[in-house]
Protein chains: 2
Amino acid sequence: MPGPKFIYEAELFKAISHPTRIEILQLLRDGEKCVCDIVPALEKEQSNVSRHLGLLRKEGILSSRKDGLKMIYRVEDPRVFELIDTAREILRKCWEEKREMLL
Amino acid sequence: MPGPKFIYEAELFKAISHPTRIEILQLLRDGEKCVCDIVPALEKEQSNVSRHLGLLRKEGILSSRKDGLKMIYRVEDPRVFELIDTAREILRKCWEEKREMLL
DNA sequence: TACTTATATGCTTAGTTGCTCATATTGTAA
DNA sequence: TTACAATATGAGCAACTAAGCATATAAGTA
């Protein structure tokens with residue numbers, strides 16, 4: 001293992017730590033999709049979305065295949081959804097506690 | 001909910017996505033610790049560690065209390081460890097697949 | 001062949017992050 | 001009070017990130 005401890009874990013989290021990228025992952029929850037479906041769903045610049053997709057693929061979170069003109073992306077390991085879900089639960093608890101403090 | 005979807009989830013992941021911060025969380029797995037124990041364990045600059053601790057607290061991942069001169073930090077929600085563990089599992093699978101491709 | 005559609009990429013710019021050094025703050029002890 | 005120990009913070013800098021625009025590549029169609 002080169003370098004400091006946990007660099008790979010850190011990189012994985014970093015890859016997920018962007019609103020657009022999480023939104024992409026959510027879109028891919030129910031199966032693979034092509035860029036031409038992802039871009040309009042996100043309402044972001046095509047080049048922007050393409051970069052986020054490329055990053056997620058580079059980190060091994062997504063994989064892609066070509067189908068004619070279309071590039072189809074899918075999530076490699078469904079446990080990334082566990083990550084997102086757990087994060088939401090942590091946040092929900094956090095907010096509930098803050099809310100209680102105000103009462 | 002202001003702004004784009006998933007900004008809070010993204011921020012949470014971002015807070016965790018640094019090797020030093022993950023190392024801090026690992027150190028706190030078995031209970032609270034003061035900065036004076038954390039800094040030597042990490043072998044990093046005191047000011048550097050302090051900033052990472054401050055960031056984790058600002059994001060609600062850590063909480064702190066004072067005990068005399070010492071500042072003691074602890075993990076607020078143990079589910080952050082689930083996040084780290086799941087990340088490791090994802091990485092392990094990812095590496096195993098790469099390894100198999102080389103055989 | 002030329003044209004079109006789908007996607008990726010080079011370039012630039014603005015904003016962010018992480019680090020270090022030095023200093024400030026807070027609490028304890030003499 | 002002064003001195004010290006533990007922690008936090010301001011300033012400055014290098015490195016990185018995300019976004020947009022324009023352009024390039026790739027694959028299909030006429």
Side-chain angles (χ1 to χ4, degrees), chain A residues 2-25 27-28 32-75, chain B residues 2-25 27-28 32-75:
Chain A
K5 288 170 188 163
F6 305 117
I7 40 173
Y8 298 109
E9 290 84 348
E11 246 186 281
L12 179 58
F13 285 121
K14 201 160 141 193
I16 306 177
S17 61
H18 190 287
T20 303
R21 294 197 285 268
I22 298 179
E23 212 176 340
I24 288 172
L25 293 172
L27 277 176
L28 295 176
E32 58 182 23
K33 281 196 170 50
C34 76
V35 182
C36 55
D37 289 332
I38 297 171
V39 169
L42 296 179
E43 302 186 341
K44 301 258 152 65
E45 276 261 330
Q46 175 269 322
S47 67
N48 187 359
V49 174
S50 177
R51 277 182 215 281
H52 285 300
L53 287 166
L55 196 147
L56 287 168
R57 183 179 49 190
K58 183 168 72 72
E59 297 300 327
I61 295 167
L62 299 183
S63 60
S64 61
R65 66 185 171 85
K66 258 211 155 183
D67 178 22
L69 270 179
K70 301 185 175 183
M71 185 67 90
I72 296 168
Y73 283 87
R74 66 185 185 84
V75 170
Chain B
K5 288 171 188 165
F6 304 117
I7 41 174
Y8 299 108
E9 291 85 349
E11 247 186 282
L12 179 58
F13 286 121
K14 203 160 141 193
I16 307 178
S17 62
H18 191 286
T20 303
R21 295 198 284 268
I22 298 179
E23 213 176 339
I24 288 172
L25 293 173
L27 278 175
L28 296 176
E32 56 181 25
K33 280 196 171 50
C34 76
V35 182
C36 56
D37 289 333
I38 297 171
V39 169
L42 296 179
E43 302 186 341
K44 301 257 153 67
E45 278 258 331
Q46 176 269 321
S47 66
N48 187 358
V49 174
S50 177
R51 277 183 213 282
H52 285 301
L53 286 166
L55 176 63
L56 287 168
R57 183 178 48 191
K58 184 167 70 74
E59 296 301 326
I61 296 167
L62 299 183
S63 60
S64 62
R65 66 185 173 84
K66 261 213 155 180
D67 178 23
L69 269 179
K70 302 184 173 182
M71 185 65 92
I72 295 169
Y73 283 88
R74 68 183 185 82
V75 170

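Chain A is the first sequence line, chain B the second, and so forth, proteins listed ahead of strands; every chain is numbered from 1. Worth knowing before you read on, the calculation uses all heavy atoms, side chains too, and leaves out hydrogens, waters and symmetry mates.
For the OP1/OP2 pair of D/dA8 and a distance below 4.0 Å, the side-chain nitrogens and oxygens of B/Y73 include at least one atom meeting the criterion.
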Any protein N or O atoms within reach of nucleotides 22-28 of chain D? Criterion: under 3.5 Å, listing atom names and distances.
none

Tabulate protein N/O versus nucleotide N/O from nucleotides 1-3 of chain D, keeping only pairs under 3.5 Å, one per line.
none

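Contact between A/Y73 and A/L28 at its shortest, heavy atoms only, is O-CD2, 3.6 Å.
In this structure, CG of A/L55 is placed 14 Å from C1' of D/dA19, rounded to the nearest angstrom. Rounded to an integer number of Å, the gap from CG of A/L53 to C1' of D/dA19 is 15 Å. Distance B/N48 CG to D/dG10 P: 16 Å, rounded to the nearest Å. Rounded to a whole Å, the CG atom of A/L56 is 14 Å from the P atom of D/dT17. Taking atom CG of B/D37 as the reference point, atom P of D/dA5 lies 17 Å away to the nearest angstrom.
For A/K33, the salt bridge (Lys or Arg N to Asp or Glu O under 4.0 Å) partners at least two apart in sequence or on another chain are A/D30. Among residues two or more places apart in sequence or in another chain, the side chain to side chain contact (heavy atoms under 4.5 Å, CB included) test is passed with A/K70 by A/C34, A/C36. Every residue two or more places apart in sequence or in another chain was checked for a salt bridge (Lys or Arg N to Asp or Glu O under 4.0 Å) with A/R57, and none qualifies. When the salt bridge (Lys or Arg N to Asp or Glu O under 4.0 Å) test is applied to B/R65, the partners found at least two apart in sequence or on another chain are B/E32. With sequence neighbours excluded, no residue forms a side-chain hydrogen bond (donor to acceptor under 3.5 Å, both in side chains) with B/R51. With sequence neighbours excluded, the residues satisfying salt bridge (Lys or Arg N to Asp or Glu O under 4.0 Å) with A/E23 are B/K5.
To the nearest 0.5 angstrom, B/I72 atom CD1 is 13.0 Å from B/L62 atom CG. Taken to the nearest 0.5 Å, the CD1 atom of A/I24 stands 6.5 Å off from the CD1 atom of A/I38.
Comparing A/K44 and B/C34 by the nucleotide of DNA chain D whose heavy atom lies nearest to each, the residue mapping closer to the 5' end is B/C34.
Residues from residues 11-19 of chain B with heavy atoms under 4.0 angstrom of DNA chain D: there are none.
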For residues 39-50 of chain A, tabulate all N or O donor-acceptor pairs below 3.5 Å that involve a side-chain atom, not counting sequence neighbours.
residue, atom, partner, partner atom, Å
A/N48, OD1, A/H52, NE2, 3.1

Sequence neighbours left out, cut at 3.5 Å: what donor-acceptor pairs do the side chains of residues 12-19 of chain B make with other protein atoms?
residue, atom, partner, partner atom, Å
B/S17, OG, B/F13, O, 3.4
B/S17, OG, B/K14, O, 2.8
B/H18, ND1, B/T20, N, 3.1

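Read 5' to 3', the first and last nucleotides of DNA chain C with an atom closer than 4.0 Å to a heavy atom of chain B are C/dT17 to C/dT28.
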